[in-house]
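Here's the structure we're looking at; comments come further down.
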There are 2 protein chains.
Amino acid sequence: MRESTVKDRILDTASRLFYDQGYHVTGINQIIEEADIARASLYNHFPSKTDLLLAYLDRTHIEWFVALDNYLAPFATAREKLIALFDFRIGRQKRLRYKGCHFNKITAETSTDEEVFKRVKMHKERLRQYIRALVKEAGHRGLLEDDVLADTFLLLMEGGIVLGAMFRSSEDAEKAKRIAESLL
Amino acid sequence: MRESTVKDRILDTASRLFYDQGYHVTGINQIIEEADIARASLYNHFPSKTDLLLAYLDRTHIEWFVALDNYLAPFATAREKLIALFDFRIGRQKRLRYKGCHFNKITAETSTDEEVFKRVKMHKERLRQYIRALVKEAGHRGLLEDDVLADTFLLLMEGGIVLGAMFRSSEDAEKAKRIAESLL
DNA sequence: GTCTATAAAATGATAGAC
DNA sequence: GTCTATCATTTTATAGAC
């Protein structure tokens, strides 16, 4: 535990700044200053700023689904879990001050790095499958086919988060939730 | 016409780079080089890089709705226009190589500038009202209330575009269109 | 492994000639 | 209004002492 605290402090600080301010606008200088570590310590643990970015994305992906599993655990049925998934994202949206999805943010900032894209796709594809499994298990009014309904939920959800970032409000995500309920 | 070509070339080049690469990653140096103008000419027309960004957003907003009006003009009914609105965005998405919404991109890169936020909100709010007016005029199956249906369309649309940027595909926007059709 | 000091390049912006 | 030359900072990254 003790010996890894420097590396952790670097990644914690970088993650916070990458998300709050943006990746390109965050300089190595600010990271080492706020993490209170030496310049060369950063490069000892992370060969380049890009490596630090990839580590941030990897950890965010893992933590995201762990947090989701924990959040959904108390709910008994797949139907309840599906609605709770909207609440999960609305809660995060508020806590993170409407800055939106980590993976959307980095996509919007990055044009060429395939390693970044790979991680973004993996994250969203896993969410898509997660929703599909829940819809399949839930059963519903049959208004739409299973996979179409799952896609609808994903579209509504992502739309709600991205509009939330632009309006700095959860209104659209709350609407998305209500619409999802009415389709289930 | 002639005397404004320098200013136009600056804004054209900056717009292209801001969108393709990102705002913060695009330097003044690259803009003046690719626009083939002198450093001080840029600062003569635009007092700062931020002013150039705001000019880019203002022009994009105007051009966006002009292009939309032109695209929808041939369609007779509000119902057709609503579906065509999805096609409009899908067409742009493909032409712009799946880089997503200009206003989402700058939101994801900007954390503090209120002048930027103001323009983003204005753009999306106008789209929201645009859709509402069409839904009101279209009439529909009554599955959802008018404004709820309009919000659903906006959510589906934005979800489709943002997923399109992350997967570099129009699949999700196409799905959004089909779902919208089934709700109309 | 962590540190200080420094390098080489790029950043946004300005001065002053024409 | 456009130009060249230059400014002070800041950028990512490395060298070498401890």
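Chain naming here is simple, since letters A, B, ... match the order of the sequence lines and numbering starts at 1 in each.
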Please answer whether the main-chain N or O of B/V162 pairs with a side-chain N or O of A/E158 as donor and acceptor at a distance below 3.5 Å.
-> no

According to side chain to side chain donor-acceptor pair (under 3.5 Å), who are the partners of [X], at least two apart in sequence or on a separate chain?
| X | value |
| --- | --- |
| B/R119 | B/D58, B/E115 |
| A/Y130 | A/D69 |
| A/S111 | none |

Residues forming a ring-ring contact (aromatic ring centres under 6.0 Å, His included) with [X], sequence neighbours excluded:
| X | value |
| --- | --- |
| B/F88 | B/W64, B/Y71 |
| A/F46 | none |
| B/Y43 | none |
| A/H61 | A/F65, A/H123 |

Quickly work out the B/F46 CZ to D/dG1 P distance and round it to whole Å.
-> 13 Å

Report the distance from atom NZ of B/K7 to atom P of D/dG1, rounded to the nearest whole Å.
-> 9 Å

Residues of residues 10-34 of chain A with any non-hydrogen atom less than 4.0 angstrom from an atom of DNA chain D: list those, numerically ordered, please.
-> A/T26, A/G27, A/I28, A/N29

Residues from residues 48-57 of chain A lying under 4.0 Å of DNA chain D - heavy atoms = A/S48, A/K49

What nitrogen or oxygen pairs link the protein and nucleotides 3-6 of chain D at under 3.5 Å?
unit_1 : atom_1 : unit_2 : atom_2 : d
D/dC3  : OP2    : B/A38  : N      : 2.8
D/dC3  : OP2    : B/S41  : OG     : 3.1

Just compare C/dG12, D/dG1, C/dT2 and give me whichever is closest to any side-chain atom of B/Y43.
-> C/dG12

Who pairs with B/D172 by salt bridge (charged side-chain N to carboxylate O under 4.0 Å, His left out), at least two apart in sequence or on another chain?
-> A/R128

Residue list, salt bridge (charged side-chain N to carboxylate O under 4.0 Å, His left out) with A/R168, at least two apart or on another chain = B/E114

